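Please read these numbers as outputs of a predicted model, since none were measured by experiment. Chain letters run A, B, ... following the sequence lines, proteins first and then strands; every chain starts at 1. Because only heavy atoms are used, hydrogens play no part in the values below, and waters and symmetry mates are left out as well, while side chains stay in.
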2 protein chains.
Amino acid sequence: MPARPRRLTLRDIARLAGVSETAASFALNGKPGVSDETRRRILAVADEHGWVPHHAAKVLTGGKSGTVGLVIARSARDVGSESFFLRFMTGLQSVLSERRQALLLQVVDSVEAEIETYRTWQVAGRVDAVVLVDLRVDDPRPDALADLGLPALIAGGPDPRRRLPAVAIDDREPMRRIVTHLHDTGHDSIAYVCGAGEMLHIARRVDAFHTGARELGMSGHMVMSTDFSSSSAAKATRLLLSSDDRPTALVYDNEILAVAGVGEIRRLGLATPADVCVVVWEDTPIASAMEPPLTALSRDAFAFGSDVATRLIAILDGTDEATGDTMESVPELIERTSSRCERTPPTEPTEPAS
Amino acid sequence: MPARPRRLTLRDIARLAGVSETAASFALNGKPGVSDETRRRILAVADEHGWVPHHAAKVLTGGKSGTVGLVIARSARDVGSESFFLRFMTGLQSVLSERRQALLLQVVDSVEAEIETYRTWQVAGRVDAVVLVDLRVDDPRPDALADLGLPALIAGGPDPRRRLPAVAIDDREPMRRIVTHLHDTGHDSIAYVCGAGEMLHIARRVDAFHTGARELGMSGHMVMSTDFSSSSAAKATRLLLSSDDRPTALVYDNEILAVAGVGEIRRLGLATPADVCVVVWEDTPIASAMEPPLTALSRDAFAFGSDVATRLIAILDGTDEATGDTMESVPELIERTSSRCERTPPTEPTEPAS
DNA sequence: CTGTTAGCGCATTCAC
DNA sequence: GTGAATGCGCTAACAG
């Protein structure tokens, strides 16, 4: 086997095309200063030899790394829906790779380590911008990033202090719709089995849950927080359903909690939807495949990812029109059997006959 | 707000410490040639100012990018367990980040695009090595990678042509255990609802399934292939169970298929495990939370990821002892209610009394 | 042990 | 239009 040939440099291409390095550089970067004929020849040579500029060299001169960073806190394994996250990343990438932006991934243990990662990336010139996910209540990361001056975009915020732009997700409206749906189908006492309360989006959902139920005049609206584990979901379900005035509908934050909940309901000798209706905040294949199929909130994680990437690129290009936060479209509530019960709808005040 | 200060260079650190660039470089890279006292002072200065070497410059001189690449085929969304993949990546990262290796991620549409990505990465000097996942039958990627000369490690192979090293997963032994378990609990006709047959690991499982059942003298062993969708799993289940001599146990390739299968079984008026036993090839929270809880194969995806990373680093360091493939430990079969049926075990030839 | 020198691959001033 | 010269930030040959 012949020794692997040395990596081709711009100089090689220039020589092969019989021109100067400058000419080659101009041609390959689409800049003026070369005749069309020469440009074509240079491009042909480069293409023929499969030349690609050396990344480090380009970064060293140009300054931009062509890379977007994403840090995942280790505990993200337990956070919310994994499938949502993977679909989100796919959406992100679909846009980033179109724009020849790479994605640098890092898994860390703590927010402190995450911030340190940002600093290192920033100083080392490894990334041009980062995407911030899983905002927490009193999250130090937006401020830290803003102070660093590292371009950043929050996926999901918004940032309470508005120091960082965000592609925000509205958690209140979907929750309002869920609560309204339950109210309209005759429920008067409902409960919400949620994930970790320190997550900002969970906190918003909890608030919207209570507010919505109150506004509709429901007599019961309880919230039980879990650590996203099956066991804690089962326990929460048991607790909720063993009370005297047990709720007639349960809302779960993801499919793992929902599956655990439905199993526990069955174990308690109750039926879904007859005794207890169930709604899950995430439409995965699991939700529709369950028996009974679960009423679920259908969010487009892929679109969310591409929206984030699109805006991030706009920020990098300096063409970001939006000043503050952009909002994702409100997800759809897919009604399935798990919330189709036979309850009497609440008596609506009928309009007096004219 | 003061203008953001220019990024600190090694030269700055050297000046601040009152030494030459060379001295600073040696000190900061732990190389001999500097007195301990000087070294300490330089490190102190660098640390105080939070200096981090510019990545591109380091790459340009050193040659190594300190980056490992991972390409995911877009269809990986439908491939197997997403949670397995995310846990795998976390395991990968846990080792990589310890060794200050970054992970570069790319999502593509096709194997061709994937190979092109490798080539570009290679030529641009973006990665030192790549991890190859989801090997297919007649996969062109190992050969392409070997030809490129880009260090690569297969996660899950092994490579049929042995051109690339692999941290292999044994699919045969687990399948043998599942089949044996079913045989031992009295089943004589079983079926396997698997994923896409062009995946190498699926092909191996199918083969082991047939072989195992044959060796145990079972009268029925059917395989139905799906596209990993709930609907195809439900359809396969319906087909399998509507035959005259329907199987008494079903093996599903992941939790999505299993959930769909269990639902379909119920819809057909059959019960699990009384009428049909169920085993799933992946132990997720879903499996244990289901009603009934599902007998499942428990694989440690995190450990798999860290094993892959560890070996990859050994390869990069040139200290890779293993010549060919290393094998992951065989996963455990967690027996739960879904496979606890009341069948008569096959009559074992009893040892003649002495 | 220290300072000088050159060069990694490319972009971008300048004169020609 | 083209070619020579300089520098990005760092490492690694050299002599001193």
Side-chain angles (χ1 to χ4, degrees), chain A residues 5-43 45-46 49-67 100 120-128, chain B residues 5-43 45-46 49-67 100 120-128:
Chain A
R6 190 175 55 81
R7 178 200 308 284
L8 249 58
T9 72
L10 195 159
R11 176 149 43 230
D12 297 324
I13 299 300
R15 256 202 283 272
L16 287 167
V19 297
S20 70
E21 268 189 78
T22 317
S25 178
F26 283 165
L28 291 165
N29 289 311
K31 303 213 166 160
V34 205
S35 73
D36 278 8
E37 167 52 24
T38 316
R39 182 187 303 272
R40 239 190 306 278
R41 201 176 64 243
I42 296 174
L43 288 177
V45 172
H49 292 265
W51 178 84
V52 172
H54 187 105
H55 185 246
K58 196 131 196 175
V59 172
L60 200 52
T61 49
K64 309 221 113 197
S65 66
T67 307
R100 348 220 83 203
T120 307
W121 277 355
Q122 153 93 320
V123 183
R126 280 215 88 158
V127 300
D128 299 327
Chain B
R6 190 176 53 81
R7 178 198 310 284
L8 249 58
T9 72
L10 195 157
R11 175 148 47 231
D12 298 325
I13 300 299
R15 254 204 284 272
L16 286 167
V19 297
S20 71
E21 268 190 78
T22 316
S25 178
F26 282 164
L28 292 165
N29 288 312
K31 303 210 166 160
V34 204
S35 71
D36 277 8
E37 167 51 23
T38 317
R39 182 185 303 273
R40 238 191 306 279
R41 200 175 67 244
I42 296 174
L43 287 177
V45 172
H49 293 266
W51 178 83
V52 172
H54 187 104
H55 185 246
K58 195 136 194 172
V59 172
L60 199 53
T61 49
K64 310 222 113 200
S65 66
T67 308
R100 348 221 83 204
T120 306
W121 278 353
Q122 153 93 319
V123 184
R126 280 215 88 157
V127 300
D128 300 327

dG9(D) and dT2(C), which share atom name P, separated by this distance in whole Å: 25 Å
Just by distance, do the side chain of [X] and the backbone of [Y] share a donor-acceptor pair under 3.5 Å?
X         : Y         : result
Asn29(B)  : Ser25(B)  : yes
Asp128(A) : Lys64(A)  : no
Arg126(B) : His55(A)  : no
Arg41(B)  : Asp36(B)  : no
Thr67(B)  : Val127(B) : no

Please give, in whole Å, the distance from [N] [atom2] to [X] [atom1]?
X        : N       : atom1 : atom2 : result
Arg11(B) : dT5(C)  : CZ    : P     : 13 Å
Arg15(A) : dG9(C)  : CZ    : C1'   : 13 Å
Lys64(A) : dC8(D)  : NZ    : P     : 20 Å
Leu60(A) : dC10(D) : CG    : P     : 9 Å
Leu28(A) : dC10(C) : CG    : C1'   : 11 Å
His54(B) : dG9(C)  : NE2   : P     : 16 Å
Asp36(B) : dT2(C)  : CG    : P     : 11 Å
Arg40(B) : dC1(C)  : CZ    : P     : 12 Å

Sugar-phosphate means primed atoms, P, OP1 and OP2; the rest is base. With that split, encode nucleotides 11-16 of chain D 5' to 3' as B, S or - using protein heavy atoms under 4.0 Å. SBB---
With pairs defined as Watson-Crick or G-U wobble and both distances under 3.5 angstrom, please note down DNA chain D as a dot-bracket string, | for pairing with another strand. |||||||||||.||||
Shortest non-hydrogen contact from His49(B) toward Ile13(B): CB-CD1, 4.4 Å
Taking all non-hydrogen atoms of both residues into account, name the closest pair between Ala14(A) and Ala24(A) and its distance. CB-CB, 3.9 Å
Report which part of the nucleic acid Val19(A) touches: base, sugar-phosphate, or nothing (heavy-atom distance under 4.0 Å, all strands). sugar-phosphate
Val34(A) near the nucleic acid: base, sugar-phosphate alone, or nothing, with a heavy-atom cut-off under 4.0 Å? sugar-phosphate
Decide yes or no for Leu28(B) and Arg39(B): does some side-chain heavy atom of the first lie under 4.5 Å from some side-chain heavy atom of the second? no
Arg11(A): which residues meet the side-chain hydrogen bond (donor to acceptor under 3.5 Å, both in side chains) condition with it, sequence neighbours left out? Glu21(A)
